[in-house]
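What follows is a set of notes on a single structure, which appears directly below.
When a ligand or atom number is given, it counts from 1 through the structure's own listing order. Here the structure is a predicted model, which is why all the values come from computation and not from measurement.
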Amino acid sequence: MSKIPDVLLLFCFFGTAGALYKQWIPDTNYENKSNWDKGEVPCGSDTVQFAAQRKISVFVKNAHAVKEMRLPIDGEFILVIGAGFYVDNGQESGCGQGVTAHFTDSQPVQWFNPALWQTASTLSDLQFEKFLFSVHEESIPCAYDDVVFKKDTSFRVDTSSSQPIIPVRTVFLLGKTYEIGSEFSQYLSSRTGRLQFQGSSVVTVGNPGCGDPSGCVCGNSVNHQDICSTVTCGSLSCKKPLLPLGHCCGICGAILTIQFASNFNLQNYRERINHLFLILPQYKSIQLGMSKVQRSQRLLGILPFGTSPDIQVVILDGGKGKLAEDLAWDIINDARVHGSNLGITEAEFQASSGSNSSQSSGTAGMVVGVVFGVLLVLTLIVILVVLVQRRVLRMPPMPSLIIFRSNHDIGDLGGPLDHGFDNPIFDKPSMLPEMPSLYETSASIALSQTGVHFVNPVYDENETDFNA
Ligand SMILES: *[C@@H]1O[C@H](CO)[C@@H](O)[C@H](O)[C@H]1NC(C)=O
């Protein structure tokens with residue numbers, strides 16, 4: 001047999017792993033209202049004008065009446081069967097006086113503009129508009145992705161960037177899938193190809209797909225500058241906005257970081273989160289993006305010493321981030337219970353409210369926290385009592401106390417032998433408010449009931465005098 005089936009099989013195999021479909025949104029279709037300056041497709045009494053210098057490939061699906069048409073110097077119409085233009089001298093009903101309609105040139109068309117792409121896991125999801133949310137870098141086609149230009153559309157895309165080539169796995173356009181490099185470069189040099197793809201960088205197909213079931217790192221961080229220069233960040237309403245890896249703007253919401261084992265499958269996990277949580281009515285407004293990212297490791301949080309991959313889950317709720325935090329907890333709890341089956345070894349999150357998963361939450365966390373706290377306090381008390389009883393530990397001498405006592409000596413009682421018996425607390429009530437440290441001391445002393453006599457710092461210093 002020939003080699004072609006093997007090649008196809010190989011592509012099918014690669015296609016099943018972490019790759020996504022990225023669909024280009026704008027088109028240069030004659031029938032798309034947003035391509036006309038009046039917001040309407042020209043009528044039979046209108047003059048249709050294309051800017052003279054505009055290099056453009058326009059897709060036409062229907063037959064259109066026009067009064068007059070001014071064409072660009074370089075350009076083309078792609079006509080489906082039955083489509084075309086005719087002059088009917090304004091016979092078409094409801095057409096009005098007639099205006100000059102301009103095919104617009106105002107829409108942004110940069111390849112690296114995240115707003116111009118839609119992402120989906122499968123072709124049918126693309127068709128049914130079940131789009132996935134992605135961080136900005138991953139909204140643009142990654143090297144292992146399949147690029148889709150909608151059926152029955154033409155387009156113009158500006159590929160200018162700082163990189164010479166833009167590698168992708170396949171490109172689908174005008175009803176044909178290009179997966180072999182030479183075939184696509186031949187298309188690019190055709191007349192239509194040159195009108196559709198303008199700009200300095202060359203799109204190349206035939207890049208291997210993502211063969212790793214746990215996902216692949218997108219690789220668009222090299223284009224971070226080009227991507228973020230097209231993005232305008234909105235204002236945020238939360239206390240501590242978070243910055244996801246690969247995103248151009250801060251977000252209000254939550255970011256989960258998941259460490260994975262060899263049995264982790266990104267696509268299955270994406271579907272699991274979707275079926276368990278995202279379809280719930282309370283999470284209707286949630287946008288969730290999940291991908292493998294390359295995170296730089298830092299020694300003591302400062303010194304970079306390499307990178308390691310993890311799964312980043314970015315959750316936005318369109319508000320202050322409370323809902324996103326709830327969902328983050330749901331995902332963490334699911335990972336705690338089913339982690340070993342899912343191939344998750346560790347999961348944690350940060351929320352824009354300032355909280356994170358290492359803080360205790362819910363009743364279970366509270367109970368554990370309280371029990372631990374009480375045990376810790378009890379242990380400390382026991383140790384303190386034992387140490388104090390064995391006279392290993394002495395209460396620290398209080399400077400203010402000593403000063404007070406020496407004043408007392410001179411003023412009231414005189415003789416040093418009396419020191420063991422006077423109690424400054426009771427002797428001079430008028431001085432009490434000035435001596436907060438004394439209150440603290442007496443409280444600690446009360447703990448060791450049997451040993452008060454020996455450990456009270458008031459007496460302590462004179463014990464030797466006493467025994468002598
Ligand atoms: C018309 O073009 C706009 C912007 O380019 C796009 O968002 C929209 O989906 C297009 N409409 C149709 C019907 O394809």
Side-chain angles (χ1 to χ4, degrees), residues 20-43 46 48-51 53-66 69 72 75-85 99 101-134 136 138-141 145-161 166 168 171-177 192-199 203 226-227 229-232 234 287 318:
L20 296 170
Y21 292 89
K22 305 277 165 75
Q23 179 169 266
W24 178 252
I25 297 170
D27 61 51
T28 50
N29 292 2
Y30 193 91
E31 283 86 8
N32 188 332
K33 290 178 184 180
S34 54
N35 288 331
W36 296 97
D37 64 339
K38 303 286 188 296
E40 286 296 334
V41 179
C43 214
D46 294 342
V48 174
Q49 176 144 18
F50 290 88
Q53 302 306 322
R54 171 97 334 294
K55 292 184 177 175
I56 203 155
S57 161
V58 176
F59 198 92
V60 189
K61 279 183 209 166
N62 304 315
H64 294 274
V66 293
M69 204 168 208
E76 70 175 17
F77 288 118
I78 301 173
L79 304 168
V80 303
I81 294 167
F85 302 99
V99 291
H102 296 262
F103 199 82
T104 56
D105 191 20
S106 55
Q107 315 267 356
V109 289
Q110 299 101 320
W111 176 279
F112 288 103
N113 186 337
L116 304 184
W117 294 96
Q118 290 162 330
T119 302
S121 325
T122 64
L123 277 175
S124 78
D125 280 359
L126 265 192
Q127 210 156 16
F128 292 109
E129 312 205 327
K130 281 163 72 183
F131 302 126
L132 296 171
F133 170 79
S134 324
H136 289 130
E138 295 164 18
S139 302
I140 315 295
D145 280 338
D146 297 293
V147 176
V148 175
F149 293 92
K150 281 181 232 162
K151 214 164 151 271
D152 292 342
T153 61
S154 192
F155 55 89
R156 184 173 71 87
V157 53
D158 179 0
T159 59
S160 298
S161 80
I166 303 173
V168 297
V171 170
F172 174 87
L173 60 77
L174 293 172
K176 182 169 162 49
T177 303
T192 308
R194 275 183 287 125
L195 291 171
Q196 289 172 336
F197 292 86
Q198 298 172 8
V203 178
D226 289 313
I227 292 167
S229 67
T230 68
V231 175
T232 314
Q287 286 186 305

Which donor-acceptor pairs under 3.5 Å do side chains of residues 35-43 form with protein atoms, sequence neighbours excluded?
residue, atom, partner, partner atom, Å
N35, ND2, D27, O, 3.1
N35, ND2, D27, OD1, 3.1
N35, ND2, N29, O, 3.0
W36, NE1, Y30, O, 2.8
D37, OD1, H102, N, 2.9
K38, NZ, T100, O, 3.0

(request) For ligand 1, list the protein residues that place a heavy atom within a distance below 4.0 Å of one of its atoms, sorted by chain and number. (result) I25, P26, D27, N32, S34, K150
(request) Could you tell me if the ring centre of F131 sits under 6.0 Å from that of Y21? (result) no
(request) Answer yes if the ring centres of F50 and F77 are under 6.0 angstrom apart, and no otherwise. (result) yes
(request) Give the ring-plane orientation class for F197 versus F155, where under 30° counts as parallel, over 60° as perpendicular and anything between as tilted. (result) perpendicular
(request) Drop me the distance from I227's CD1 to S161's OG, to the nearest 0.5 angstrom. (result) 9.5 Å
(request) Going by the side-chain contact (heavy atoms from CB on, under 4.5 Å) test, name the single residue among I140, D146, D145, V147 that passes it with V168. (result) V147
